[in-house]
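As structure tokens, the structure follows; a few thoughts come after it.
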Amino acid sequence: MVADETASETAGGAASGDGLSGAGDSREVDSRDWWDYRPVFSTVDKGGRITGLAPGERPGQLTGRLLISSALCFIGWGIASLLGTSLLCGGTSAPAGSCAVDVPGEVPVGWAIVAAIIGGYLTLFVTTDVTEQARQEFGQRRVASFLRSAPLLAGLVAGAAISVVTALRIDTAETIRRTTQGLVGTEAIAISAALAILAGLWWIAVVLRLPGALLHAHRRQTTIERLRRDGHRYDGQVRLGDIIYWLGNNPELHVTIEYDSPAGHHQRRARMRTSPDRVPVDGSRVIVYDDLRGDVHVELNRAARPAWAPEARYTPSE
């Protein structure tokens, strides 16, 4: 069961040739997306912190495309927030000129609906693009969530704040007094201010956590890359445990990784994230990369042509 050879020997092709970076797997999967190589194992993390790295890829970084998509996401949600609060202002008895954007009343309803649909689609498209780019680049759904939320929330804050500032420019003290008293005509100001404050607080929480999340993802990907290159490689088996929960429709399970090394027999508790159609049967073969200092990386041995459990067994019930 023991295959005490280094990952670099395997990558060179002189060894058995199995594993995710071997020739057998390259015929089955050829993707930069770590999720295409699921299931993903982790002996240290759980949930959205579980980090992956596609074979042959380098640890992720903030790319120009990702930054541009984030800027477009900010602009899209900023415009949506600005127009939404302006429409709300225009629908109240607010004083003339107090709305950030004066929406012409003669615009045909049909054209307004078409414009809203197109604008909404483009905004959702760039938001999804940011999420997918971040998830693929950093190999972690937690980082992707933060990188999506940061520009989205910033856009909401900017649009709502512009509406509030515009409304307050006409007799600021009197407008504040009327708004705090809840008088008719100030509903849009109060809602815009509440949106700006709540989104701003949420944005601060995201921004404060984002650097740590990026650092964690980079460290985990760096460790995976190092173990594949320099770690000792052993053959092992995965023993399936209970389903912990479904993240979306994808299950996360307790598993036990068993493998032998010159130091003896090892059993490591781990988490396994996958999709319902890619749950290996109990006892499937895995590859364990161990640096003998405590860091371990586990991958499914695809050269062994693993069998998959019935999808219905791991699909969440409605």
Side-chain angles (χ1 to χ4, degrees), residues 1-7 9-11 15-31 33-47 50-57 139 141 220 223-224 227-228 231-291 295-316:
M1 181 178 181
V2 179
D4 188 6
E5 57 193 49
T6 64
E9 292 172 339
T10 304
S16 60
D18 56 4
L20 284 175
S21 59
D25 183 65
S26 64
R27 292 192 297 267
E28 180 181 337
V29 178
D30 184 14
S31 172
D33 191 340
W34 57 277
W35 187 243
D36 290 338
Y37 297 85
R38 61 192 181 277
V40 183
F41 299 90
S42 178
T43 60
V44 294
D45 292 318
K46 58 184 179 181
I50 293 178
T51 308
L53 181 67
E57 294 298 315
R141 297 184 183 277
R220 290 301 305 148
T223 298
I224 293 172
L227 288 172
R228 284 173 175 162
H232 295 270
R233 178 182 179 278
Y234 306 103
D235 288 335
Q237 291 182 323
V238 58
R239 298 297 179 185
L240 301 183
D242 297 330
I243 298 175
I244 305 169
Y245 49 69
W246 281 270
L247 190 59
N249 291 322
N250 297 319
E252 182 170 322
L253 290 79
H254 277 304
V255 297
T256 300
I257 306 299
E258 298 182 359
Y259 65 101
D260 292 325
S261 76
H265 184 71
H266 305 270
Q267 289 187 341
R268 297 291 296 261
R269 295 281 290 175
R271 296 283 188 104
M272 183 181 76
R273 286 279 315 284
T274 187
S275 57
D277 61 325
R278 299 290 288 274
V279 179
V281 298
D282 191 57
S284 294
R285 292 175 59 187
V286 295
I287 300 171
V288 181
Y289 297 96
D290 192 337
D291 66 356
D295 288 332
V296 172
H297 174 61
V298 181
E299 298 175 353
L300 193 65
N301 188 340
R302 297 183 182 277
R305 299 193 177 279
W308 308 109
E311 181 176 352
R313 184 182 303 173
Y314 293 97
T315 300

Straight-line distance of Gln267 CD to Tyr259 OH, nearest 0.5 Å: 11.0 Å
Sidechain-backbone polar pair: Tyr37 side chain, Leu53 backbone, donor-acceptor under 3.5 Å: no
CD1-OG1 distance between Ile257 and Thr43, expressed to the nearest 0.5 angstrom: 9.0 Å
Atom pair CE (Met272) and OG1 (Thr256), whose distance is rounded to the nearest 0.5 Å: 11.5 Å
Stepwise side chain to side chain donor-acceptor pair (under 3.5 Å) test for His297 and Thr223: CA-CA 8 Å; His297 174 61; Thr223 298; over 6 Å; no
Intermediate values then yes/no, side chain to side chain contact (heavy atoms under 4.5 Å, CB included), Arg38 and Arg273: CA-CA 7 Å; Arg38 61 192 181 277; Arg273 286 279 315 284; over 6 Å; no
Rounded distance [0.5 Å steps], NZ in Lys46 versus CD in Glu252: 9.0 Å
Taking every non-hydrogen atom, the tightest pair across Pro280 and Trp308: N-CE3, 3.6 Å
Arg271 CZ to Ile50 CD1 distance, which is reported to the nearest 0.5 Å: 7.0 Å
Thr51 and Ser42, any side-chain heavy atoms less than 4.5 Å apart: no
Heavy-atom pair of closest approach, residues Thr315 and Pro276: OG1-CB, 3.5 Å
Inter-residue atom distance Leu253.CG - Ile244.CD1, 0.5 Å rounding: 7.0 Å
For the student: nearest non-hydrogen atoms of Trp34 and Ala54, plus distance: CB-N, 3.7 Å
Heavy-atom pair with the smallest gap, counting every atom of Asp260 and Tyr234: O-CD2, 3.5 Å
Row check, Trp35 ring normal vs Arg141 NZ/CZ: under 6.0 Å, within 45°: yes
Close side-chain approach of His265 to Glu258, heavy-atom, < 4.5 Å: yes
Test side chain to side chain contact (heavy atoms under 4.5 Å, CB included) applied to Leu240 and Val279, step by step: CA-CA 9 Å; Leu240 301 183; Val279 179; 4.1 Å; yes
Trace of the side chain to side chain donor-acceptor pair (under 3.5 Å) decision for Ser275 with Asp277: CA-CA 5 Å; Ser275 57; Asp277 61 325; 2.5 Å; yes
Taking every non-hydrogen atom, the tightest pair across Gln237 and Val286: N-CG2, 3.7 Å
Test side chain to side chain contact (heavy atoms under 4.5 Å, CB included) applied to Tyr314 and Thr274, step by step: CA-CA 10 Å; Tyr314 293 97; Thr274 187; over 6 Å; no
Closest approach of Asn301 to Asp235 (non-hydrogen atoms, all atoms of both residues): ND2-OD1, 4.2 Å
Side-chain heavy-atom pair Arg268, Val288 within 4.5 angstrom cut-off: no
